[in-house]
Amino acid sequence: MNKKQHILNVALLLFAMITPCLTFAQKKELSQARSYIKSGKDFDKAERLMTDLLKKDMASRDNKKVYLTWLEAVQKQYNVANEKLYLKQKQDTAAFFDLTRRMFTIAETLDSIDMRPDKKGRVAPEYRQKHAAQLHVYRANLYNGGSFFVRKANYKQAFEYYETYIDCARQPLFESYRYDTTDVRMPEAGYWTTYCGYKMNDPVLTLRHRKLALQDTAKASFTLMYMAEARKWMKDDELYLKTLEEGFRRYPTFYYFFPRLIDEYNRTGLQEKALAAADSALAVDADNQLFLFAKSTLLLRLERWSDCISCSERLIALCDTLAEPNFNAGTAYLNLAEKLDEKKEKKLRRQAFQQAQRYMERYRVLAPKEKDKWAPVLYRIYLNLNLGKQFDEIDHLLKN
């Protein structure tokens, strides 16, 4: 007999000797756990016996009786906790929800064992119908548990409860309930996972249930906002832009999408697309000050001076205390003036400088701390209008 064969024989002999001991240990601890359950107390001890058994005995992990006993022990604890809550007695709410989630974890694990084919390849789960019916009654508390932990700002725990709630839809244990089509709260649960992922600054968790979350139309604008932020965290510029575009298309007046979309277009040199977005926004809300200011600024950058002035004046008419439209109008008039011929268009040129002066001086009043913006412009205006006193003041300011 060679050495390898000898080692194998010894191992088989040891396994044969140990297995009856393990089987005896299983029977003993199962019996003790059953006694605890029948006594109507010490349900937690019964659970501990089963969890310890699963840790130390690999063979017990395929034993349906172990999971059945464990499930019953947790279910009994749940019933006690539920009664305390109903009677408004002292009860740890977080622990109550944890019992709910444990029942689902145990039952789903048991179902995966229960659905294994027999020697003839037949699959006939013995406990599925019973356990699915039992847990269906408790399932709402998975959702409630998520809501509880959201209120506590424990977003990691909340995410796990909502995800367990959602996961029931793909579990064979609950296939007869067809939660994906019958449960109207599924999209809302999807939204809350997205929210929790966002609050944890975790882009992967934020995006995991995004398709389901978007079905919650009441909060889809927020879902798209969280999705956009997640794309940004992942430095996925293409999908970040696409999400902003979708958000703006669906919710043009939602505070988040428009300014970031304009910024992104400007960052990538797509100013014509930015202007088109501003026009689309104004088609929805013609007097929106943010939309008008964005258009005014874009027209200035595109050197469309006359259009910029018209847009800025419209915005000033709506709110004459806004500083920036005055800067845009003043800058546009200055650029117009400097393009005019000093000899052939002298009068028009002077009038344009005077208009630039009017708007830029108003900007100075409204934004006195923005000296770096208004002082150089006023310097050029006063120089061209030959306004010595004003020029000297600005020249002094710039030198100091």
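In this text the structure is predicted, and so the values were computed from the model without any measurement. Numbers here simply count residues along the sequence, with the first being 1.
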*Asks:* Can you find a heavy atom in the side chain of D216 that is under 4.5 Å from one in the side chain of T223?
*Replies:*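 SC-SC contact between D216 and T223 ruled out.
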
*Asks:* Distance to the ring centre below 6.0 angstrom and angle to the axis at most 45 degrees; does that hold for K219 and Y191?
*Replies:*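 Ring-cation test returns yes.
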
*Asks:* Please report the closest heavy-atom contact between A352 and A337, naming both atoms and the distance.
*Replies:*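 In terms of heavy atoms, the two residues are closest at CB-CB, 3.5 Å.
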
*Asks:* Flag this pair as yes if the NZ/CZ of R139 is under 6.0 angstrom from the six-membered ring centre of Y179 and inside a 45 degree cone about the axis; otherwise no.
*Replies:*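 Here R139 passes the 6.0 Å and 45° test against Y179.
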
*Asks:* Looking at R364 and E370, is there a salt bridge between them, counting it only when a charged N and a carboxylate O are closer than 4.0 Å?
*Replies:*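 Salt bridge between E370 and R364, a charged N being under 4.0 Å from a carboxylate O: no.
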
*Asks:* Is it true that D180 and R170 have a side-chain N and a carboxylate O under 4.0 angstrom from each other?
*Replies:*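 Looking at R170 together with D180, the answer is no, because their closest N to O distance does not fall below 4.0 Å.
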
*Asks:* If you count the non-hydrogen atoms of other residues, nucleotides and ligands that lie under 6.0 Å from NZ in K373, is the total more than 12?
*Replies:*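 More than 12 within 6.0 Å, yes.
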
*Asks:* Any side-chain heavy-atom pair from H396 and D392 closer than 4.5 angstrom?
*Replies:*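 H396 vs D392: side chains apart.
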
*Asks:* Which of these, Y161, Y165, Y143, F159, sits in a side-chain contact (heavy atoms from CB on, under 4.5 Å) with W192?
*Replies:*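 That would be Y143.
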
*Asks:* With rounding to the nearest 0.5 angstrom, report the CZ to CG distance, R178 to D183.
*Replies:*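 Going from the CZ atom of R178 to the CG atom of D183 covers 14.5 Å.
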
*Asks:* Strictly below 4.0 Å, N to O, side chains only: are D52 and R48 in salt-bridge contact?
*Replies:*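 R48 and D52: not salt-bridged.
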
*Asks:* Does the ring center of H136 lie less than 6.0 Å from the ring center of Y177?
*Replies:*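 For H136 and Y177, the ring centres are under 6.0 Å apart.
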
*Asks:* Which atom names give the shortest non-hydrogen contact between F104 and L135, and what distance separates them?
*Replies:*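 It is CZ-O, 3.2 Å.
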
*Asks:* Just checking K64: does its NZ atom have more than 12 heavy atoms from other residues, nucleotides or ligands closer to it than 6.0 angstrom?
*Replies:*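 Yes, because the 6.0 Å sphere around NZ of K64 holds more than 12 heavy atoms from other groups.
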
*Asks:* Establish, yes or no, whether a centroid distance under 6.0 Å links the rings of Y67 and H131.
*Replies:*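 Judged by ring-centre distance (under 6.0 Å), Y67 and H131 do not meet the cut-off.
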
*Asks:* Can you confirm if the aromatic rings of F222 and Y195 lie within a centre distance of less than 6.0 Å?
*Replies:*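 Ring centres of F222 and Y195 not closer than 6.0 Å.
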
*Asks:* If I take atom OG1 from residue T193 and atom OH from residue Y226, how far apart are they, to the nearest 0.5 angstrom?
*Replies:*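 The distance works out to 11.5 Å.
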
*Asks:* Ring centroid separation for F149 and Y155, is it under 6.0 angstrom?
*Replies:*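 Centroid distance F149-Y155: not below 6.0 Å, so no.
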
*Asks:* Taking the ring of Y333 and the ring of F353, is the distance between their centroids below 6.0 Å?
*Replies:*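 For F353 and Y333, the ring centres are not under 6.0 Å apart.
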
*Asks:* Could you tell me if the ring centre of Y379 sits under 6.0 Å from that of F391?
*Replies:*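 So the answer is yes for these two rings.
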
*Asks:* Between F43 and Y36, is the gap from one ring center to the other below 6.0 Å?
*Replies:*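 No, they do not, as the ring centres are separated by 6.0 Å or more.
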
*Asks:* Among R34, K38, K65, K130, whose salt bridge (Lys or Arg N to Asp or Glu O under 4.0 Å) with E72 holds?
*Replies:*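 Testing each of R34, K38, K65, K130 against E72, the sole residue satisfying salt bridge (Lys or Arg N to Asp or Glu O under 4.0 Å) is R34.
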
*Asks:* How long is the straight-line distance from CD of E246 back to CG of L214, given to the nearest 0.5 Å?
*Replies:*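 That separation rounds to 6.5 Å.
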
